[in-house]
Amino acid sequence: MSRWKALPAELDPRIRQLVVRLRRLKDHSGLSVRQLAARTEYSPKSWERYLGARSLPPAPAVEALAKIAGDDPVRLLALREVAAEAWENRRADPAHEPDQPESPKSPDSPDELAVVVTPSPAHPTGVRSLHIALVAGAVALVLALSSAVLLAVRLHDDETTKTAPASRTAPTSSAPAAQPAYTCRLKKDDGHWFAGLGRSWDVNLAYGNAGADVAEAQCLLRRAGISPGGIDGIFGPLTQRAVKELQKRAGLVVDGVIGPHTWKALRG
């Protein structure tokens, strides 16, 4: 695969489409520029200008490349006709220097041959010209529609860009849901401690649980002199660490899970 030089950004889309198609066909053929010149009777320098969008390739050169690559020459010639119109407009623009006229190889040049143009027997001149004109019109219509779609997309993007900052800077009315506030109201009842948030003795609590029972256990852990973090009702890593410390002190299995034996140790 050839490493093609990027085409100018200001290049007319109609010319760009033709050049890109020619480059793909050249790559598909697997021929070098010199080999392509030998097969098409146009010099390597000429092909470099054609494939570099510096010169408009003649119709015979376009047709020859299409046949070598196994592509439909009529379709490619139609693209060439559309590009030719854009090329004429480009040459009429004073900002562009006139291109050097392209000609087939001359017998006087040691590495060039004369071009012999033979009408294709499969397409009589009148039918072929009509076919090319119809395809060229269709291609022009597609290009016009594509330009309209691109313009609409750009306008939409511009509008989105204008409105996006307002949406990003607008103050948000929603706030993260606050965790329930728990208050420890420690009280000893019948020799056992309670924090006023639950009276569980056999509810199993483990990492990831949440609710009033967890808050009850957190209050009792704090009463035992072991900090579980905040009294937020969430069984997180700090609460789990505090439970393990209590189990170690009480001689229980240290698994960080509050079961009946750990509840008994918590309530004293």
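Just so it is clear, the model here is predicted, and its values are computed rather than measured. Along the sequence shown, residues are numbered consecutively beginning with 1.
Residues S227 and A242 share a closest heavy-atom pair of O-CB, 3.6 Å. Between T239 and P228, the shortest heavy-atom distance links the atoms OG1-O, 3.2 Å. Contact record, A61 with Y50: CB-CE1, 4.3 Å, taken as the closest heavy-atom pair. The two residues G198 and D213 make their nearest non-hydrogen contact at CA-OD1, 4.2 Å. The shortest heavy-atom contact between G229 and L238 is CA-CD1, 3.9 Å. The two residues I231 and A215 make their nearest non-hydrogen contact at CG2-O, 4.1 Å.
Contact check for V243 versus D255: no side-chain heavy atoms found under the 4.5 Å cut-off. Side-chain contact between P260 and N204 is present, with heavy atoms from C-beta onward closer than 4.5 Å. Counting heavy atoms from C-beta on, the side chains of C219 and F194 never come closer than 4.5 Å. A 4.5 Å side-chain heavy-atom check between P57 and Y42 finds every atom pair outside the cut-off.
Atom-to-atom distance recorded for K244:NZ and L252:CG is 14.0 Å, nearest 0.5 angstrom. Distance CZ/R267 to OG1/T262: 12.0 Å, rounded to 0.5 Å.
In this structure a side-chain-to-backbone donor-acceptor pair under 3.5 Å is missing from W263 to S200. Here the side chain of Q247 pairs a donor or acceptor atom with the backbone of V257 at under 3.5 angstrom. The main-chain N or O of L77 is never found under 3.5 Å from a side-chain atom of E63 such that the two would form a donor-acceptor pair. Put simply, the side chain of R14 never gets that close to the backbone of L79: no donor and acceptor are under 3.5 Å apart. At least one donor-acceptor pair closer than 3.5 Å links the side chain of R16 to the backbone N or O of P8. Of the possible donor and acceptor atoms, none in the side chain of D27 sits under 3.5 Å from a partner among the backbone N and O of R24. In this structure a side-chain-to-backbone donor-acceptor pair under 3.5 Å is present from Q218 to G233. The backbone N or O of L76 sits nowhere less than 3.5 Å from a side-chain atom of R21 that would complete a donor-acceptor pair. With hydrogens and angles ignored, the 3.5 Å screen pairs no side-chain donor or acceptor of R34 with any backbone N or O of P44. Of the possible polar contacts, none joining the E48 side chain to the R54 backbone as a donor-acceptor pair under 3.5 Å is found.
Follow the hydrophobic side-chain contacts under 4.5 Å out from V254 and you never reach I226; the two are in separate clusters. W193 and L197 fall into different hydrophobic clusters, where Ile, Leu, Val, Met, Phe, Trp and Tyr are joined by side-chain heavy atoms under 4.5 Å apart, directly or via other members. Under a hydrophobic clustering in which Ile, Leu, Val, Met, Phe, Trp and Tyr are joined whenever their side-chain heavy atoms come within less than 4.5 Å, directly or via other members, I258 and Y207 fall into the same cluster. When the side chains of ILVMFWY residues are joined at heavy-atom separations under 4.5 Å, either directly or via intervening members, L205 and I234 end up in two distinct hydrophobic clusters. In the hydrophobic cluster analysis, where Ile, Leu, Val, Met, Phe, Trp and Tyr join through side-chain heavy atoms closer than 4.5 angstrom, W4 is grouped together with L56.
In this structure, the salt bridge (charged side-chain N to carboxylate O under 4.0 Å, His left out) partners of R199, at least two apart in sequence or on a different chain, are D189. In this view, K45 and S43, R49 satisfy the side-chain contact (heavy atoms from CB on, under 4.5 Å) rule, not counting sequence neighbours.
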Practice problem: Could you check L266 against L221 for side-chain contact (heavy atoms from CB on, under 4.5 Å), going step by step and ending with a plain yes or no? | Solution: CA-CA 7 Å; L266 283 169; L221 285 167; 3.6 Å; yes
Quiz item: Checking side-chain contact (heavy atoms from CB on, under 4.5 Å) for the pair K26/Q35: CA distance, chi angles, key distance, verdict?
Solution: CA-CA 10 Å; K26 186 266 180 189; Q35 291 171 335; over 6 Å; no
Quiz prompt | Candidate pair L7 and R23, rule side-chain contact (heavy atoms from CB on, under 4.5 Å), full reasoning | solution = CA-CA 11 Å; L7 295 173; R23 287 181 173 185; 3.2 Å; yes
Quiz item: Should V82 and L18 be marked as a side-chain contact (heavy atoms from CB on, under 4.5 Å) after you check the CA-CA gap, both sets of side-chain angles, and the distance that decides it?
Solution: CA-CA 9 Å; V82 173; L18 173 64; over 6 Å; no
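Salt bridge annotation for E245-R249: present, with a cationic side-chain nitrogen under 4.0 angstrom from a carboxylate oxygen.
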